[in-house]
Amino acid sequence: MMGEQTREGGGTIMLGGDQEPGNYYVGVDVGTGSVRAALVDQRGILLAFADQPINQWEPQFNHHEQSSEDIWAACCVVTKQVVQGIDVNQIRGLGFDATCSLVVLDKQFRPLPVNHEGDAHRNIIMWLDHRAVSQVRRINETKHSVLQFVGGVMSVEMQAPKLLWLKENLRETCWDKAGHFFDLPDFLSWKATGVTARSLCSLVCKWTYSAEKGWDDSFWKMIGLEDFVADNYNKIGNQVLPPGASLGNGLTPEAAKDLGLPAGIAVAASLIDAHAGGLGVIGADVRGYGLACEGQPVTSRLAVICGTSSCHMGISKDPIFVPGVWGPYFSAMVPGFWLNEGGQSVTGKLIDHMVQGHAAFPELQAKATARCQSVYAYLNSHLDLIKKAQPVGFLTVDLHVWPDFHGNRSPLADLTLKGMVTGLKLSQDLDDLAILYLATVQAIAFGTRLIIEAMEAGGHSISTLFLCGGLSKNPLFVQMHADITGMPVVLSQEVESVLVGAAILGACASGDFASVQEAMARMSKVGKVVFPRLEDKSLHQNSFLRTSFQTIPESAETCSTGIINPHPTSAPPA
Ligand SMILES: Nc1ncnc2c1ncn2[C@@H]1O[C@H](COP(=O)(O)OP(=O)(O)O)[C@@H](O)[C@H]1O
Ligand SMILES: O=C(CO)[C@H](O)[C@H](O)COP(=O)(O)O
């Protein structure tokens with residue numbers, strides 16, 4: 001048995017139970033707020049876990065930056081922690097996943113500033129950065145055919161608008177000096193191996209690359225980035241590998257020293273974090289849980305990766321075009337399948353924002369600390385207390401949140417949308433905070449329902465949700481997703497399923513599994529199933545009508561309560 005270590009803030013936990021000798025893999029997951037690593041065995045069991053927060057800068061509103069040096073240093077710290085005390089010769093492979101942020105390096109691979117201050121340490125434009133609004137508007141006005149493969153509308157969170165922003169705004173300090181533009185997952189695999197090949201996942205999902213046709217010269221010329229065509233795509237990637245493919249000669253001696261791993265172990269072409277989460281959960285054996293997806297194709301499963309943002313990953317045998325939902329992307333997550341990716345740009349970040357910004361937050365913090373609980377565990381038990389015998393949904397019959405505080409990624413694909421709360425009162429006590437928190441969680445779950453409905457209207461047939469990411473640790477969030485979508489939610493045996501996805505990549509690169517599918521089937525496992533509570537269904541149906549702006553006819557009117565009534569001839573639903 002491995003021992004258990006206490007952990008304060010970032011740190012290590014040794015988790016493993018029966019530690020059989022065998023092959024191990026290291027997965028490294030770079031999320032928005034922290035870097036995490038795990039030592040994982042061939043059964044997909046986490047033997048050790050470590051995490052470390054990472055810096056973010058917001059030099060002006062909607063500009064979000066990070067540092068690739070900081071992130072690599074954090075990867076080294078957590079990796080060294082998870083392999084402490086084990087025979088490193090048992091480690092067969094290493095896989096990375098990360099947010100789809102844009103890393104900029106010069107021709108000698110040194111960081112370049114992505115900001116007006118000229119601070120080269122901040123060389124990453126983060127995925128949630130919305131600085132390139134004018135650029136994405138012009139890109140969308142071209143109506144170029146590549147846009148069909150990103151849901152019809154390019155998102156400001158993708159790389160082409162950010163690259164155009166750099167060319168138009170930081171010509172001398174950044175653009176002219178740049179030698180390499182990497183998606184963060186590809187930066188990490190380069191750093192580990194010295195191989196600049198890009199993963200098909202990042203290029204297809206965020207850079208308009210086609211798995212079948214490669215780059216489209218006419219797109220880059222049309223949007224004013226013909227430089228890449230002239231350069232034969234050297235700066236953004238002209239060697240492309242499927243996720244899980246083994247890179248070069250494996251881990252370089254320098255990176256091996258940094259990470260505390262043996263030189264030469266297999267390193268995989270990486271994945272975006274949401275896609276790694278998808279691999280970590282979607283292939284599990286569901287027999288015996290009474291789920292509708294049992295015995296059905298894997299295409300009936302939707303992986304929902306819920307962290308700072310939520311990403312809704314649905315796969316299909318043939319391409320499905322869903323307006324406002326990214327994709328279809330071929331082989332970007334599960335090889336041989338098309339992927340559609342719905343998303344909500346801020347979910348965990350929105351819940352944190354609502355709770356931390358409330359007048360009663362200091363009281364909440366003090367009470368949660370006194371009970372040695374997280375603020376969310378405290379809020380969940382407080383809701384249980386104040387709902388009395390009623391279903392919890394009764395608490396929000398007249399309080400509603402529209403969750404697009406950072407625009408709407410899917411299915412409206414409108415970055416200009418803003419958030420809204422209706423039904424506020426003058427009181428600001430702990431009960432109000434708890435109810436606002438509940439309404440926010442419900443609003444996010446309604447957003448997932450809208451995305452599922454759009455995907456089903458496009459041709460998907462989804463029966464079961466597979467949740468992972470930080471928010472899947474919140475039982476209220478999970479139950480609301482089940483109740484509001486009406487679908488069972490599967491949680492994995494390993495809470496850190498995104499890391500299992502990263503380890504699956506390492507396992508594939510090592511050659512221990514013949515395919516990604518085989519590794520998925522062996523390494524992802526069901527932990528718990530949360531079924532929808534049907535007694536709350538009518539309650540949610542009413543709320544859904546009141547918050548379902550998507551279906552509002554032009555004749556809709558706003559009633560005196562501020563709630564939009566989609567059926568103006570009748571009274572708003574009670
Ligand atoms: N135990 C928990 N209970 C409730 N919420 C949690 C818990 N753990 C993490 N979260 C929430 O999950 C979000 C972060 O998820 P995470 O997957 O770590 O994000 P990222 O990958 O974007 O860094 C935050 O909003 C955080 O509040
Ligand atoms: O765009 C995405 C995936 O395509 C993700 O939202 C982005 O990478 C951030 O992920 P997270 O919320 O896990 O930090």
Side-chain angles (χ1 to χ4, degrees), residues 10 28-36 49 51-56 64 66 71 74 78 97-102 124-130 150-151 154-159 162 183-185 199 201-207 270-278 280 303-313 325-327 329 332-333 339-356 368 373-381 406-407 409-410 437 440-441 444 467-480 491 495-499 501-502:
V28 178
D29 166 37
V30 179
T32 300
S34 64
V35 174
R36 300 161 282 245
F49 167 84
D51 66 349
Q52 163 116 340
I54 40 176
N55 286 324
Q56 291 178 46
H64 295 265
Q66 283 182 323
I71 288 176
V78 290
D97 72 73
T99 63
C100 48
S101 300
L102 177 67
I124 297 182
I125 303 185
M126 290 179 71
W127 63 272
L128 77 168
D129 186 293
H130 280 194
V150 289
M154 181 167 285
S155 163
V156 69
E157 293 172 11
M158 292 181 173
Q159 308 299 16
K162 289 172 175 157
D183 219 275
L184 184 53
S199 161
C201 172
S202 39
L203 289 198
V204 166
C205 298
K206 308 293 169 178
W207 300 70
S270 39
L271 277 172
I272 298 169
D273 54 356
H275 303 63
V304 190
I305 296 83
C306 322
T308 302
S309 61
S310 289
C311 302
H312 307 72
M313 323 297 280
V325 172
W326 294 344
Y329 300 135
M333 189 172 86
L339 170 72
N340 285 103
E341 178 181 349
Q344 295 164 286
S345 287
V346 289
T347 52
K349 191 173 174 69
L350 177 64
I351 297 171
D352 295 346
H353 174 82
M354 294 299 241
V355 169
Q356 289 166 14
Q373 276 184 325
S374 77
V375 289
Y376 296 112
Y378 189 94
L379 283 173
N380 293 349
S381 53
H406 198 50
R409 196 189 277 183
S410 309
Y437 155 72
T440 306
V441 171
I444 291 167
L467 253 61
C468 65
L471 286 171
S472 70
K473 296 175 196 163
N474 182 343
L476 180 81
F477 186 89
V478 174
Q479 188 67 59
M480 285 299 140
L491 298 174
V495 180
E496 302 294 341
S497 314
V498 182
L499 281 165

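Atom set for the values below is all heavy atoms of this structure, side chains included, hydrogens, waters and symmetry mates excluded. Order of listing sets the numbers, starting from 1, for every ligand and every atom in it.
- Of the candidates D273, I305, V498, it is D273 that places a heavy atom closest to atom 10 (O) of ligand 2.
- Applying the 4.0 Å criterion to heavy atoms of G33 picks out, from ligand 1, the atoms 23 (O).
- Protein heavy atom at the shortest distance from atom 3 (C) of ligand 2 is E341 OE2, 3.2 Å.
- Using modelled atom types, no side-chain atom of S345 and backbone atom of R409 make a donor-acceptor pair closer than 3.5 Å.
- Distances from ligand 2 to the non-hydrogen atoms of K206 include at least one value under 4.0 Å.
- Compare N474, L476, I305 by their heavy atoms: the one nearest to atom 3 (N) of ligand 1 is in N474.
- With rounding to the nearest 0.5 angstrom, the CZ atom of R36 is 6.5 Å from the CZ atom of F49.
- Atom 9 (C) of ligand 2 has as its closest protein heavy atom W127 CE2, 3.2 Å.
- Each of the atoms 1 (N), 2 (C), 8 (N) of ligand 1 lies under 4.0 Å from some heavy atom of K473.
- Residue-level proximity to ligand 1 for H353 is absent, since no heavy atom of it falls below 4.0 angstrom.
- By the criterion of a heavy-atom distance under 4.0 Å, the side chain of R409, and not its backbone, is placed next to ligand 2.
- Comparing heavy-atom distances from atom 5 (N) of ligand 1 across W127, F477, Y376 singles out Y376 as nearest.
- Distance alone, capped at 3.5 Å, places no donor-acceptor pair between the Q344 side chain and the C306 backbone.
- Ranking protein heavy atoms by distance to atom 11 (C) of ligand 1, first place goes to L471 CD2, 3.9 Å.
- Contact annotation for I272 and ligand 2: only side-chain heavy atoms (C-beta onward) come within less than 4.0 Å of the ligand.
- For Q66 and N55, the side-chain atoms include no donor-acceptor pair closer than 3.5 Å.
- Under a 3.5 Å cut-off, the side chain of S310 and the backbone N or O of T347 do not form any donor-acceptor pair.
- Distances from atom 5 (C) of ligand 2 to the heavy atoms of A274, G343, C311 show the closest one on C311.
- With respect to atom 22 (O) of ligand 1, the closest heavy atom belonging to the protein is T308 OG1, 2.5 Å.
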Self-check item: S309/W127 under side-chain hydrogen bond (donor to acceptor under 3.5 Å, both in side chains): CA gap, chis, key distance, verdict
Solution: CA-CA 10 Å; S309 61; W127 63 272; 6.0 Å; no
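- The nearest protein atom to atom 14 (O) of ligand 2, hydrogens excluded, is given as T32 OG1, 2.4 Å; this is a heavy-atom distance.
- The shortest N or O to N or O distance between R36 and ligand 1 is below 3.5 Å.
- The backbone N or O of V30 lies less than 3.5 Å from no partner atom in the side chain of S34, so there is not a single donor-acceptor pair.
- In this view, V495 and K473 satisfy the side-chain contact (heavy atoms from CB on, under 4.5 Å) rule, not counting sequence neighbours.
- Remark: ligand 1 and G470 share an N or O pair separated by less than 3.5 Å (distance only, no angle test).
- In terms of protein heavy atoms, atom 12 (O) of ligand 2 is closest to S309 OG, 2.6 Å.
- Close contacts of ligand 1 with G348, meaning ligand atoms under 4.0 Å from a residue heavy atom, involve 25 (O).
- Using a 4.0 Å cutoff on heavy atoms, D352 counts as a contact of ligand 1.
- With H406 contributing its side chain and L128 its backbone, the two residues share a donor-acceptor pair below 3.5 Å.
- In E157, neither the side chain nor the backbone holds a heavy atom less than 4.0 Å from any atom of ligand 2.
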